Enquirer: 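Once you've had a glance at the structure underneath, I'll fire off some questions.
Note that the structure is a prediction, hence the values are computed from the model and not measured.
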2 protein chains.
Amino acid sequence: MPRRRRDAPRAVTIADVAREAGVSRATVSRAINDSDLVTAETKRTVEEAIARTGFVMNARGRALATGRAETVGVLVTEPLDELFDDPTYGRVLRGIAEGLTGSGFLPVIVQASSESERALALRSFERRSVDAVVHLTPYRGGDLLEALAGTGLPVVLCGQLVDSPYEGVFSTVYSDDVRGARLAAERLVADGRERVAAVLGPADNPATVDRRRGYAEVLGARLDEARTVHTGWDSTGGFSATAALLETHPDIDAILAGSDRIALGALAALRAAGRRVPDDVAVIGFDDHAIAANASPPLTTIAQPLVEEGQLAARLALEMIAGAAPRTEILPMRLIPRTTA
Amino acid sequence: MPRRRRDAPRAVTIADVAREAGVSRATVSRAINDSDLVTAETKRTVEEAIARTGFVMNARGRALATGRAETVGVLVTEPLDELFDDPTYGRVLRGIAEGLTGSGFLPVIVQASSESERALALRSFERRSVDAVVHLTPYRGGDLLEALAGTGLPVVLCGQLVDSPYEGVFSTVYSDDVRGARLAAERLVADGRERVAAVLGPADNPATVDRRRGYAEVLGARLDEARTVHTGWDSTGGFSATAALLETHPDIDAILAGSDRIALGALAALRAAGRRVPDDVAVIGFDDHAIAANASPPLTTIAQPLVEEGQLAARLALEMIAGAAPRTEILPMRLIPRTTA
DNA sequence: CTGTTAGCGCTTTCAT
DNA sequence: ATGAAAGCGCTAACAG
């Protein structure tokens, strides 16, 4: 039989409590789990014994017996440095934590950017170290998704996949990019803007595709193909793309940016070109990052309900753990009017 | 006896492999764990059976039998939003992940900013869901540290505590703030700066105390009390503190900043006041964040070996899991010369 | 309502 | 070198 670790004093177990309380281990277990198969009386006796012995339940024994670890893994495949660059994830993470409180389940963030880390994380999932997985960054790495499906664990994706290939397999929660884009576009129309440009994120990103669609639906001819460009998500991309755009299309009177960081770059480029915002050119960002409110001038933008997204993801995970079928939830975006449009 | 979860197909266990391979479960276990009590021959037989059955070890059974979960908890008590504001943690986290690779242990980040989350995390630790805890942010909350000590788990603190009250109880790893501060100060002395100011972080922060000491040791009378001020860690604090300082002490020719963000604020204040950097006033930051290199002008600063800190913390945790006594490691800082000093 | 008993999946001593 | 058997700490079906 296994020997105990080193000379650590043996931990108090449910058996000790049972002896102390003068009941069976089963009764102690029931009392602990607040079953209504025990009298309030007995429950109290057990509680006192627990207090006297200083018993704390061992998670491993319980996990083995119940088949649950009472944890949900939050999978993050971005390198942590980049992850920490982007406040988006922090908000979603907070939502997940909030959505889990009260359930007894604990979120454990599993970081897996390198190939070896991914393998490790996957193995840990296969071994059932967690009861469900919330995938924060499902865009990259189709094989990872395939492997996740292979684990048989409940999986929730935070973010939309093109063609939703895993519908019915994974749950998904994301914000309605098309609708959000429409909100921005409608604002510009109401404002009488006629020659709109779009400085979007990478063309292969599903969010980009949807936003572009939303813009187009509302703006029609007001948003010309030629005035639609793709760049990286950060301000550098926004700056250079906008600068180039101002060369070729000096007559634009509004810019729809793919992210707040892009918008900040655009703002800088406009300033450099001597355009006034919003008088000459209106600018609307996307995301409502902290930088949007603090920008000068404060940036009008579209807010994604990130915290709510996290909360919902947590709830979907719990649902699936309880046996529910996977489902997809789409959350609404909001226009945050500030000064740039 | 417990019923299996829903109608999930029963997972392949070690018993199935044993049957398939025609050996006992004990032998399978030995083969898996690469014991040298099994012939290479038998080992191969077992491996084939594993491949055929698709067996993956169940972490819970193993954890119960061995008394280890093969995970180390990374405790984070900052609200995630703030955490994600500060690239510091990302780097340390990366180091921890790196330091753990190959050990078979998995880092699980446990976020516990609210009181209830802290209680949850603590309970999970007491229940032995992890084998050790690395505490990323040990400055706040003395009762949490007390509670951590109470768990009896191996604990590694990333960061220095004043008076190191937990020496001999927790392991600690941190960078040598005194030495780092001396490096910065020495640079200014070599540069012939005579009227140095210090715009430091909060006075009650142990890092601040040490840095201030390092500055004082080297600069002596060159750093006057009256030119030493405390503010928050961010650029806003740096800006206003520096602006105020320039009012009362217009003759300063160097600024030692408590963080790179403070330094950026200082840079802005100097620019606003019409001072040239480094011609009129030299500036040295602290941390070597990404913003330091990208600042204009690029910021001379002191680099903390954050990734190494994380690696070391991981190693200390593994050591203690293996039974080693807690110990403290202090890492050296480096001056990163750029253009501001 | 409570106790008895049989597991959950794995490891390890002991005997061979 | 291998197998039998006894746990690790907890839960839950079953019988009373």
Side-chain angles (χ1 to χ4, degrees), chain A residues 1-6 8-19 21-46 49-50 53-70 104 126-129 131, chain B residues 1-6 8-19 21-46 49-50 53-70 104 126-129 131:
Chain A
M1 83 217 55
R3 195 189 41 225
R4 249 176 316 106
R5 257 196 65 207
R6 318 202 69 248
R10 196 181 62 74
V12 179
T13 77
I14 210 174
D16 301 315
V17 177
R19 200 173 316 111
V23 298
S24 73
R25 298 184 309 158
T27 300
V28 174
S29 174
R30 291 194 191 101
I32 290 170
N33 294 292
D34 211 38
S35 154
D36 33 38
L37 292 170
V38 271
T39 33
E41 168 74 14
T42 317
K43 220 172 265 184
R44 267 218 357 274
T45 318
V46 170
I50 288 177
T53 53
F55 166 81
V56 273
M57 160 116 63
N58 179 309
R60 312 211 244 267
R62 181 186 170 95
L64 183 54
T66 58
R68 321 213 132 138
E70 293 178 331
E126 282 169 342
R127 293 179 169 192
R128 293 294 182 271
S129 298
D131 301 313
Chain B
M1 84 216 55
R3 195 192 41 227
R4 249 177 315 107
R5 257 198 64 206
R6 319 202 68 247
R10 197 182 61 74
V12 178
T13 76
I14 209 174
D16 302 315
V17 178
R19 200 174 315 113
V23 298
S24 72
R25 297 184 309 156
T27 300
V28 174
S29 173
R30 291 193 189 100
I32 289 170
N33 294 291
D34 210 37
S35 153
D36 34 38
L37 291 170
V38 273
T39 35
E41 167 74 14
T42 318
K43 221 171 263 183
R44 267 218 358 276
T45 319
V46 170
I50 288 177
T53 54
F55 166 81
V56 274
M57 162 112 66
N58 178 308
R60 310 210 246 267
R62 181 185 170 95
L64 184 54
T66 57
R68 314 215 139 137
E70 292 178 332
E126 283 169 340
R127 293 179 170 191
R128 294 293 182 273
S129 299
D131 301 313

Enquirer: Output yes when at least one side-chain N/O atom of A:Asn58 is less than 4.0 Å from OP1 or OP2 of D:dC8, else no.
Expert: no
Enquirer: Rounded to the nearest angstrom, tell me the gap between atom CZ in A:Arg128 and atom P in C:dG9.
Expert: 12 Å
Enquirer: Respond yes when some side-chain nitrogen or oxygen of B:Arg25 is under 4.0 Å from OP1 or OP2 of C:dC10, and no when none is.
Expert: no
Enquirer: Could you check whether any side-chain heavy atom of A:Thr13 comes within less than 4.5 Å of a side-chain heavy atom of A:Asn58, counting everything from C-beta outward?
Expert: no
Enquirer: Does the side chain of B:Thr66 reach to within under 4.5 Å of the side chain of A:Arg60, using non-hydrogen atoms?
Expert: no
Enquirer: Should B:Arg30 and B:Val23 count as side-chain neighbours, where that means a heavy-atom distance under 4.5 Å?
Expert: no
Enquirer: Any idea which heavy atoms bring A:Ile32 and A:Phe55 closest together, and the distance?
Expert: CD1-CE2, 3.6 Å
Enquirer: Quick check on D:dT11: is either OP1 or OP2 less than 4.0 Å from any side-chain nitrogen or oxygen of A:Ser29?
Expert: yes
Enquirer: Report yes if at least one side-chain N or O of B:Thr42 is closer than 4.0 Å to OP1 or OP2 of D:dT2; otherwise report no.
Expert: yes
Enquirer: Output the rounded distance in Å from CG (A:Leu37) to P (D:dA12).
Expert: 11 Å
Enquirer: Do any side-chain nitrogens or oxygens of B:Thr27 fall under 4.0 Å of OP1 or OP2 in D:dG3?
Expert: yes
Enquirer: Please report the distance, rounded to the nearest Å, between CG in A:Asp36 and P in D:dA12.
Expert: 13 Å
Enquirer: In whole angstrom, what separates A:Glu70's CD from C:dC8's C1'?
Expert: 15 Å
Enquirer: Donor-acceptor pair under 3.5 Å: do we get one between B:Arg30's side chain and the base of D:dG3?
Expert: yes
Enquirer: Would you mind classifying the nucleic acid contact of A:Arg60 as base, sugar-phosphate or nothing, using non-hydrogen atoms under 4.0 angstrom?
Expert: nothing
Enquirer: Examine C:dG9: is either OP1 or OP2 under 4.0 Å from a nitrogen or oxygen in the side chain of B:Thr13? Give yes or no.
Expert: no
Enquirer: Among the nucleotides D:dC10, C:dG3, C:dG9, which one has an atom lying closest to any side-chain atom of B:Ala65?
Expert: C:dG9
Enquirer: Heavy atoms only, 4.0 Å cut-off, all strands: where does B:Val23 land among base, sugar-phosphate and nothing?
Expert: sugar-phosphate
Enquirer: Which whole-number value in Å describes the distance from B:Asp34 CG to C:dT12 C1'?
Expert: 17 Å
Enquirer: Rounded to whole angstrom units, what separation is found between the CD1 atom of B:Ile14 and the C1' atom of D:dA4?
Expert: 15 Å
Enquirer: In whole angstroms, how far is the C1' atom of C:dT2 from the CD atom of A:Glu41?
Expert: 14 Å
Enquirer: Nearest-Å distance, CZ (B:Arg68) to C1' (D:dG9)?
Expert: 18 Å
Enquirer: Is it the case that the side chain of B:Arg128 and the backbone of B:Gly67 share a donor-acceptor pair, with hydrogens and angles ignored and the cut-off at 3.5 Å?
Expert: no
